[in-house]
2 protein chains.
Amino acid sequence: MEGDLFKALADPTRRVILDELTARDGQSLFEICARLATRHGLALSRQAVSQHLAVLESAGLVTARREGRYKFHDLDPRPLEHIVTRWLTPAPPEETP
Amino acid sequence: MEGDLFKALADPTRRVILDELTARDGQSLFEICARLATRHGLALSRQAVSQHLAVLESAGLVTARREGRYKFHDLDPRPLEHIVTRWLTPAPPEETP
DNA sequence: ACCATAGGCAAGTCACCGCTTGCCTATCAA
DNA sequence: TTGATAGGCAAGCGGTGACTTGCCTATGGT
């Protein structure tokens with residue numbers, strides 16, 4: 001979906017996760033948990049971060065690859081490009097929500 | 001605030017309002033209501049649109065100017081540029097929410 | 001002066017979202 | 001094989017946000 005992109009960006013914690021993946025790509029769930037706590041003071045449970053990653057993944061902003069018992073997450077900023085172009089050109093009609 | 005920008009974009013109705021202002025700048029509240037109904041099938045109350053415009057205004061995406069008993073709304077897409085650049089450069093640290 | 005129009009303010013309802021808790025599966029090391 | 005690690009699933013709770021309803025102010029036409 002298109003609207004999932006904006007929903008994914010709406011939460012500040014998810015934006016920090018994107019920051020963290022920008023600084024260091026290919027982190028696992030526990031790595032992200034640890035770095036959120038140490039570098040941003042965000043003491044979130046593992047499931048909270050997991051759910052955030054699921055939202056980012058369904059928005060196309062994060063791709064996940066499994067290796068053994070680890071699951072590494074990579075950032076994909078390409079969907080962001082649609083945001084700016086949308087309201088600079090004569091707007092194309094959207095899905096009626 | 002910074003986070004208000006993402007909160008403003010989170011709602012699909014507000015995105016349609018931005019589309020509508022992109023197509024025709026300087027509309028009043030009632031004009032926006034009418035065009036949402038006729039062109040997008042969105043039958044919203046006047047207050048609903050008014051509240052949406054307030055959110056867009058506090059996000060810096062819409063500027064309002066009063067003339068007599070009318071209040072015209074103009075689009076300002078400049079805050080959108082920060083979105084893309086944020087996750088393409090080595091991310092600057094954010095406000096801890 | 002009167003009334004219709006354009007807009008604002010405040011409270012209340014309802015649904016969604018973020019987060020937790022508890023339990024379950026899978027992979028690797030000893 | 002046993003235990004520890006990495007992750008997933010599902011139900012439940014609390015808060016926030018979108019929308020409505022009702023009433024109020026202000027401007028403009030006649």
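Small disclaimer: the values here were computed from a predicted structure and weren't measured. Below, read A as the first sequence line, B as the second, and so on, with proteins coming before strands; counting in each chain starts at 1.
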**Report entry** Any donor-acceptor N/O pair, B/Arg14 side chain to B/Lys7 backbone, under 3.5 Å
**Finding:** yes
Query - Gap separating the CG atom of B/Leu18 from the CZ atom of A/Arg86, nearest 0.5 angstrom - result: 8.0 Å
Query raised in the report: Can you check the A/Leu42 CG to C/dT20 P distance for me, whole Å?
Result: 11 Å
Requested in this report: Please determine if a side-chain N or O atom of B/Arg14 lies less than 4.0 Å away from the OP1 or OP2 oxygen of D/dA18.
Outcome: yes
Requested in this report: Starting from P on D/dC24, measure out to CD on B/Gln47 and report it in whole angstrom.
Outcome: 14 Å
Query raised in the report: Where the side chain of B/Lys71 is defined as all heavy atoms beyond and including C-beta, which of C/dG7, D/dA4, D/dG7 is the nearest nucleotide?
Result: C/dG7
Query - Spacing between B/Leu53 atom CG and C/dG7 atom P, to the nearest angstrom - result: 10 Å
Query raised in the report: Taking NE2 from A/His73 and P from D/dG7, how many angstroms apart are they, rounded to a whole number?
Result: 7 Å
Requested in this report: Using a cut-off of strictly less than 4.0 Å, decide whether B/Ser45 has a side-chain nitrogen or oxygen near OP1 or OP2 of D/dC19.
Outcome: no
Query raised in the report: Pick the nucleotide of DNA chain C nearest each of A/Arg66 and A/Asp11; which residue has the one closer to the 5' end?
Result: A/Asp11
Query raised in the report: Side-chain donor or acceptor of B/Arg46 under 3.5 Å from a matching atom on the base of C/dG8?
Result: yes
Report task. Choose from D/dC19, C/dG7, C/dG18 the nucleotide whose nearest atom is closest to any side-chain atom of B/His52. Result -> D/dC19
Query - Whole angstrom value for the distance that separates C1' of C/dC17 from CZ of A/Phe6 - result: 19 Å
Report task. Grab the CZ-P distance between A/Arg65 and D/dG7 for me, whole Å please. Result -> 12 Å
Query raised in the report: If only side-chain N and O atoms of A/Ser50 are considered, is one of them under 4.0 Å from the OP1 or OP2 phosphate oxygen of D/dG7?
Result: no
**Report entry** Listed nucleotide nearest any side-chain atom of B/Ser28, set D/dT27, C/dG7, C/dC19
**Finding:** C/dG7
Report task. Looking only at side-chain atoms of A/Arg69, point me to the closest of C/dT27, D/dG7, C/dC17. Result -> C/dT27
Query raised in the report: Do B/Gln51 and D/dT20 share a donor-acceptor pair, side chain to base, under 3.5 Å?
Result: yes
Query raised in the report: B/Leu56 CG to D/dG17 C1': how many Å, rounded?
Result: 14 Å
**Report entry** Distance, nearest 0.5 Å, that separates CG of B/Asp25 from CG of B/Asp74
**Finding:** 4.5 Å
Query - Spacing of OG belonging to A/Ser28 relative to NE2 belonging to A/His73, to within rounding of 0.5 Å - result: 8.0 Å
**Report entry** Between C/dG7 (C1') and B/Ile32 (CD1): distance, integer Å
**Finding:** 13 Å
Report task. Determine whether more than 12 heavy atoms belonging to other residues, nucleotides or ligands lie under 6.0 Å from atom CZ of B/Arg78. Result -> no
Query raised in the report: Mapping A/Gly68 and A/Val55 to their closest nucleotides on DNA chain C, which lands nearer the 5' end?
Result: A/Val55
